[in-house]
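Worksheet: the structure to be examined is printed underneath.
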2 protein chains.
Amino acid sequence: METAIEKLKSLKIKVTRSRVELLKFLMDNKGHFTAEDIFKRLQDQYPNLNLASIYNNLNLFDEHGMIRRLYTHREKAVWDADAGAHAHFVCDVCGKIFDLELPQIPEKYYLKYSGSFKVSHEEIIFRGICNKCEKKENI
Amino acid sequence: METAIEKLKSLKIKVTRSRVELLKFLMDNKGHFTAEDIFKRLQDQYPNLNLASIYNNLNLFDEHGMIRRLYTHREKAVWDADAGAHAHFVCDVCGKIFDLELPQIPEKYYLKYSGSFKVSHEEIIFRGICNKCEKKENI
DNA sequence: ACCCTTATTTAGAATGATTATAATACGCGA
DNA sequence: TCGCGTATTATAATCATTCTAAATAAGGGT
């Protein structure tokens, strides 16, 4: 499997320590993270790492389609280490994000935007309450 | 048609000037707005209006399902005066939001969340570039 | 392997949307 | 009309993210 360094080189992105640590983290921990999450979890192995670099490189990776910025939360940005097509469920109570598989839908049911837009990608978000929180609320 | 005041009363929401002006605005201008947008457009007719009240009441109306908070933009909240089911297209260049009709899809194609979640609502967002911006970029 | 150029990182400050606070004003039921 | 409780106001606080300027490091060319 492609290493973080190989991936950066293949995309002609300059290989720096920040980028390698960040990308390794994302490749090893497929999931949904804020910049702060990642920052905290990388500090042990790279104490000089700067939060601004995390932000810069998350944005950079997003522009390259390596990860995806999720617009799920009001107060902070969340990045999805898995840029593949899938939907999300967000719990209004605990805030957790769950991945959902997209069903295969025949083309005739596709939403049509009448040639007015060039769509680069699509987000589907369900909101509500997850099982765990629902149980807690019924105590 | 129901007036703003009638609507507030029917929902047992205390009728205040801020709320009436805000709700009137939203009923008269079905569209997508930031708190700041609305604030500026209401200042002529209500100079004492406070931005914090706009925020409070947008959140209140959202909780009552009268409007819908959109998670379309990174940097600021956008509210949709139309809480009915529809999708959105967001232009990455100009930031404009366009409404899209949702197609009717047979139930067998619905996304299944295996009973783990109680879904309250769904958001579908397409991103890309709109016709106008596309033309500008090709000059 | 060593410069040199340029992009990146760093630390800290700045920004800006949103929320919190505390005092005042207002809605509305009695 | 009175009085209670909630909403509004003005202002300050918060906090995620971006900006700035100086220091550092990557990597192409020699």
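Computation of the quantities below employed the complete heavy-atom set of this structure, encompassing side-chain atoms and omitting hydrogens, waters and symmetry-equivalent molecules. Throughout, protein chains are lettered first and strands after them, A, B, ... in sequence-line order, and every chain is numbered starting at 1.
Listed nucleotides C:dG12, D:dT9, C:dT9 differ in distance to A:Ala52; the shortest reach to its side chain belongs to C:dG12. The nucleotide whose nearest atom lies closest to any side-chain atom of B:Arg74 is, among D:dT8, D:dT18, C:dT18, D:dT18. Looking at the side chain of A:Val15, the nearest of the listed nucleotides D:dA16, D:dG27, C:dA11 is D:dG27.
Within residues 19-26 of chain A, the residues having any heavy atom closer than 4.0 Å to DNA chain C are, in order of number, A:Arg19. Within residues 55-69 of chain B, the residues having any heavy atom closer than 4.0 Å to DNA chain C are, in order of number, B:Tyr55, B:Asn59. Remark: nothing in residues 29-45 of chain A comes within less than 4.0 Å of DNA chain D through any heavy atom.
Residue B:Thr16 is classed as a sugar-phosphate contact, given heavy-atom separations below 4.0 Å to backbone atoms only. Across all strands, B:Lys14 comes closer than 4.0 Å to base atoms (heavy-atom distances).
Classified by interplanar angle (parallel below 30°, tilted 30° to 60°, perpendicular above 60°), the ring pair A:His86/A:His32 is tilted. Note: B:Phe98 and B:Phe89 have tilted aromatic rings, judged against thresholds of 30 and 60 degrees for the angle between ring planes.
Crowding of B:Leu11 atom CG: a count of heavy atoms from other residues, nucleotides or ligands under 6.0 Å exceeding 12. Counting non-hydrogen atoms of other residues, nucleotides and ligands closer than 6.0 Å to NZ of A:Lys132 gives a total of 12 or fewer.
The separation between A:Glu75 atom CD and C:dT19 atom C1' is 12 Å, rounded to whole Å. In this structure, A:Asn48 places its CG atom 7 Å from P of C:dT10, rounding to the nearest Å.
Geometric assessment of A:Arg17 against the ring of A:Tyr46 yields a positive cation-pi assignment under the 6.0 Å and 45° thresholds. Taking the ring centre of A:Tyr71 as origin, the terminal cationic atom of B:Arg127 falls inside the region bounded by 6.0 Å and 45° from the ring axis.
Linking Ile, Leu, Val, Met, Phe, Trp and Tyr residues whenever their side-chain heavy atoms come within less than 4.5 Å leaves A:Ile67 and A:Val78 in two separate clusters.
Of the N and O atoms on the side chains of A:Asp37 and A:Thr34, at least one donor lies less than 3.5 Å from an acceptor on the other residue.
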